[in-house]
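These notes concern the structure reproduced below.
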Amino acid sequence: MSAEKITLTLPDGSARDFPADATPIEVARTVGERLAKAAVAGELDGTIVDLRAPIRRSGKFRVLTPKDPEAGVVIRHSAEHVLADAVERLFPGTIIDAGRQDHSEKFQYDFRFPRGFTSEDLEKIEQEMARIVQEGRPFERKVVTRPQAVEIFKNRKEEIKLVRLEDIPEGDVITVFQHGKFVDLCRGPHVQRTDQIGAFKLIETSGAYFKGDERNEMLQRIYGTAFATKEELDAYFAKIEEARRRDHRRLGRELDLFSFSSLAPASPFFHPKGAIVYNQLVALMRELCREYGYDEVVTPQLFDVELWKRSGHYEAYRENMFFSDVEGREFSMKPMNCPAACLIYATRGHSYRELPLRFADFGRLHRYERSGVVQGLTRVRTFAQDDAHIFCTPGQIGREVDSLFDLMFRVYAIFGFEAPVVYFSTRPEKAIGDPKLWETAEATLERCLKERGVEYVANPGEGAFYGPKIDFVVHDAIGREWQLGTIQLDFTLPARFELAYAAEDGSEGRPVLIHRAVLGSIERFFGVMLEHFVGDLPLWLAPEQARVLPVSDKFLVAARTVRARLAADGLRAEVDERSEKLGAKIRDGELGKVPILLIVGAREAEAGGASVRVRHRGDLGSKTIDEIVATMTTTTKQRALNPWPEEDKEEGRGKKEEGRP
RNA sequence: GCUGGCGUAGCUCAACUGGUAGAGCAGCGGAUUUGUAAUCCGCAGGUUACGGGUUCGAGUCCCAUCGCCAGCUCCA
């Protein structure tokens, strides 16, 4: 086997032959001793491989050094071992579990430790890690047999590792990595020596269930991050700081949009300004519902639990529901709108001719969420969805779903959300309904995805309890994924509610139910969107679209006249009547993120207009009131992202060049 | 729910090892009449989240409750 050859194509384009068991570090040496010394990993056809592992395959190959951004994952992975080593050195007898799968940003390690790690512990551990890094310990890779591996971890009294070892499928190659006295079960890849870990920092500690299952013991986890250089490490923390700046909870308070009270935990209060934004979002969806052939319905909040038993929620969703007893009857607040839609459908007979029937429902929902999981507007206990339930024939599913894709992408584009990630989720463990119906539903939805040609990620077992779903996910400022829109195909509820329609041939058909939301929860969307815009809402959403600033009290009347004209044309505007200097009013307007400031002094009062100052863009000069109203009205109607159209190209170009060296 | 941390004026934060709560901004009043990111002066504002306890004395130490933050688990 070792006589076999492989051909590696190097970055300079040259193709060279090597023995099949050649390792990346050996290949690096043939290129140059300096490259070999700096190497942290190899990369074969885009996959990072360990320096010491035989390559065995022909392909495009290169050597990664700390200068390559891709090397970061290897550095963090190695820092992870150094962390575990440091903890074992400082706290002998600590049982180790395992590190992190995804090293794209952070590393982590779980330990069985009698108490939580304190910040003093972290400091000590960091110092110990620094020592290990400085010692420049080489990482060694060893392929071992299962009995050898058992032997190693038995000797080290690493009982958790023995459990982990059992999880490795029979026949897999088992490798361990060692640096200094520390040995860990690990696939790699790792750097050559610990001193290639340029800069690292421990971030925080937390509890974490063994194997992520809350029925298991809780281990103590330490998080950290590492980079090739101090500069990259600093940039990482600067990014975190930027995320904090955009946090919607902070923006919501500062802009007086919403608040929370300990008397209604995890339930937002939308202040007058926040309610304007909220209602604009709903108005957008109502408008689109009209265009796409929906009928809006309004349904109750509180239902006899009989309904939930019938719908399956009592069986599969009870932990998330609020209950109350009235007159000896048990009631529950609705966590979803779908059963109400079914009840409406069932109030009379239906013909195939009226399908699809699309019921939009902006009803308020209540879901009990465990206290530890609630978070700002993104995870609350009461919210409304831009919800709808489409009753259609099986043959209409394809067209309905296709039209939903149009709607989703159209709406996300309005907010400038980058192409959302599409997930396809199938039958979960806790599901109701006939498995055969599930299979049909899953196959139908997947076919819609394929016919549409959208790229999607399979998410097995993550469907709703009544049907498979397609989810649309966008990323917030901190890189967290948030599910917004969803399309769920449901054959189960129509059966449970015995819904029917008279088919063309006179037989009785059973409608299919499509659940769908575009924004998802209005509350969550509000939060994600606020972070996305850093509070700089586009004109159509801004609670205060313009603020009129009189240069002094002398122009108060003129300012009020400008405001009155804007209001008469349906624009939201205020006058800053304080006896502050203009500079102060501008400052407060900018900090308040008002899109347009209209300055009225002697010149403007006489001409009957205002000087336009656009948020973050500065003075645009005097305009007539007609021009201001016309521009703002158009921008609002178009739901443009930019509050005021850019000036002609020449000026734009000139401005850009000013900033250049 | 679990692990860890936090809770002082509307906001941001002070108050040495326990010695009896203070500043900036915001608010209010007055002066000022202002031309593109902070005018000046004054006033008011707190049972230190809540309830117990230790102590001569608790914002500070201990216990319990509530809420918030991060993570785990879960999720629109």
Side-chain angles (χ1 to χ4, degrees), chain A residues 106 108 110 113 115-119 121-122 203-223 244 247 249-250 253-254 256 259-266 317 319-320 335-336 365 367-381 383-387 462 464 469 471-473 478 481-486 488 515 517-525 527-528 549-556 578-592 597-604 611-614 616 618-622:
Chain A
K106 288 189 267 191
Q108 72 188 39
D110 292 354
F113 197 66
R115 56 179 174 82
F117 289 103
T118 64
S119 45
D121 291 335
L122 284 197
I203 301 170
E204 65 185 345
T205 65
S206 86
Y209 299 108
F210 179 55
K211 290 186 184 175
D213 188 329
E214 63 182 329
R215 289 168 300 197
N216 291 340
E217 70 171 309
M218 183 165 269
L219 304 170
Q220 295 301 324
R221 176 172 294 175
I222 298 177
Y223 289 90
R244 210 189 312 274
D247 189 318
R249 291 166 295 194
R250 176 195 158 109
R253 185 178 57 232
E254 287 174 355
D256 198 17
S259 63
F260 291 87
S261 162
S262 58
L263 295 173
Y317 208 73
E319 295 85 64
N320 287 292
M336 295 186 196
L365 305 178
R367 294 186 187 174
Y368 166 69
E369 299 286 354
R370 297 150 109 198
S371 57
V373 309
V374 297
Q375 207 252 10
L377 286 180
T378 48
R379 192 79 183 273
V380 292
R381 286 186 178 155
F383 60 101
Q385 293 175 312
D386 61 325
D387 202 4
E462 296 297 319
K469 58 178 184 170
D471 290 326
F472 297 77
V473 169
I478 318 170
E481 286 194 343
W482 287 112
Q483 181 180 326
L484 301 177
T486 184
Q488 307 172 346
H515 309 240
V518 181
L519 304 179
S521 131
I522 312 284
E523 278 73 2
R524 172 176 293 178
F525 189 86
V528 173
L549 312 183
V551 170
S552 81
D553 288 356
K554 288 178 201 150
F555 312 107
L556 251 180
R578 300 172 306 163
S579 84
E580 290 286 350
K581 288 167 83 167
L582 182 61
K585 293 179 189 178
I586 286 171
R587 183 181 147 82
D588 291 339
E590 289 275 357
L591 292 177
L597 299 177
L598 298 173
I599 291 140
V600 177
R603 294 193 294 275
E604 294 79 6
S611 169
V612 175
R613 191 190 159 99
V614 178
H616 307 326
D619 189 9
L620 259 48
S622 285

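Quick note on labels: first sequence line is chain A, next is B, and so on, each numbered from 1. Since the model is a prediction, treat every value here as computed from it, not as a measurement.
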Between A:Lys211 and B:rC72, does any side-chain N or O lie under 4.0 Å from OP1 or OP2? no

What is the distance from CZ of A:Phe525 to P of B:rA76, rounded to the nearest Å? 17 Å

Ranking B:rU36, B:rC75, B:rU73 by distance to the side chain of A:Asp619, first place goes to B:rU36

Take atom C1' in B:rU12 and the same atom in B:rU33, then report the distance between them in whole Å. 32 Å

Which nucleotide, B:rA38, B:rC74, B:rG35, lies nearest any side-chain atom of A:Val551? B:rG35

I want to check one thing: is the phosphate of B:rA76, taken as OP1 and OP2, less than 4.0 Å away from some side-chain N or O of A:Gln385? no

If you check the A:Arg367 side chain, which of B:rA76, B:rC69, B:rU73 turns out closest? B:rA76

B:rU32 and B:rA70, which share atom name P, separated by this distance in whole Å: 49 Å

Please state the P separation for the pair B:rA15 and B:rA21 - nearest whole angstrom. 16 Å

Side chain of A:Gln375 (C-beta onward), nearest among B:rA70, B:rU36, B:rA76: B:rA70

So, A:Arg381 side chain and A:Glu369 main chain: donor-acceptor pair closer than 3.5 Å or not? yes

Rounding to a whole Å, what distance do you find between A:Arg250:CZ and B:rA70:C1'? 17 Å

Mate of B:rA44 across any strand shown (Watson-Crick or G-U wobble, both atom pairs under 3.5 Å) is none

Nearest-Å distance, CD1 (A:Ile203) to P (B:rU3)? 23 Å

Provide the distance between the two C1' atoms, one in B:rU60 and one in B:rU54, to the nearest whole Å. 14 Å

When you measure from the side chain of A:Met218, which nucleotide among B:rC2, B:rU36, B:rU32 comes out closest? B:rC2

In whole angstrom, give the distance that lies between atom CG of A:Leu620 and atom P of B:rU36. 16 Å

Without decimals, in angstroms, what is the distance between A:Leu549 CG and B:rU34 P? 16 Å

Is there a Watson-Crick or G-U wobble partner for B:rA64 with both distances under 3.5 Å, and which nucleotide is it? none

Nucleotide paired to B:rU20 in any strand shown, Watson-Crick or G-U, under 3.5 Å: none

Out of B:rU36, B:rA70, B:rA31, whichever nucleotide has its closest atom nearest the side chain of A:Ile586: B:rU36

N/O (side chain, A:Arg249) to phosphate O (OP1/OP2, B:rA70) under 4.0 Å: yes

Of all the nucleotides listed (B:rC68, B:rA76, B:rU33), which has the minimum atom distance to the side chain of A:Glu369? B:rA76

Roughly how far apart, to the nearest Å, are B:rU48 and B:rA14 at atom C1'? 13 Å

N-O pairing of A:Arg613 and A:Glu590 below 4.0 Å: yes

Both distances below 3.5 Å, Watson-Crick or wobble geometry, any strand: find the nucleotide opposite B:rU34. none

Spacing between A:Tyr209 atom OH and B:rC72 atom P, to the nearest angstrom: 11 Å

Considering all heavy atoms, the nearest A:Pro335-A:Tyr317 contact: CB-CE2, 3.7 Å

Among B:rU36, B:rC72, B:rU34, the one nearest any side-chain atom of A:Tyr223 is B:rC72

Checking contacts here: which listed nucleotide (B:rA37, B:rU33, B:rU36) is nearest the side-chain heavy atoms of A:Arg587? B:rA37

Verify the distance criterion only: is there a donor paired with an acceptor across the side chains of A:Ser579 and A:Asp553 at less than 3.5 Å? no

Both distances below 3.5 Å, Watson-Crick or wobble geometry, any strand: find the nucleotide opposite B:rC72. B:rG1

In whole angstroms, the gap separating P of B:rU33 from NZ of A:Lys585 amounts to 14 Å

Separation of atom CG in A:Leu597 from atom P in B:rA37, rounded to whole Å: 11 Å

Does the structure show A:Phe383 stacking with B:rA76, if we require the centres to be closer than 5.5 Å and the planes to be within less than 30 degrees of parallel? yes

Does A:Gly372 reach a base, just sugar-phosphate, or nothing at all? Heavy atoms under 4.0 Å. base

What integer number of Å spans the C1' atoms of B:rC50 and B:rC6? 16 Å

Among the candidates B:rA76, B:rG67, B:rA70, find the nucleotide nearest to the side-chain atoms of A:Glu204. B:rA70

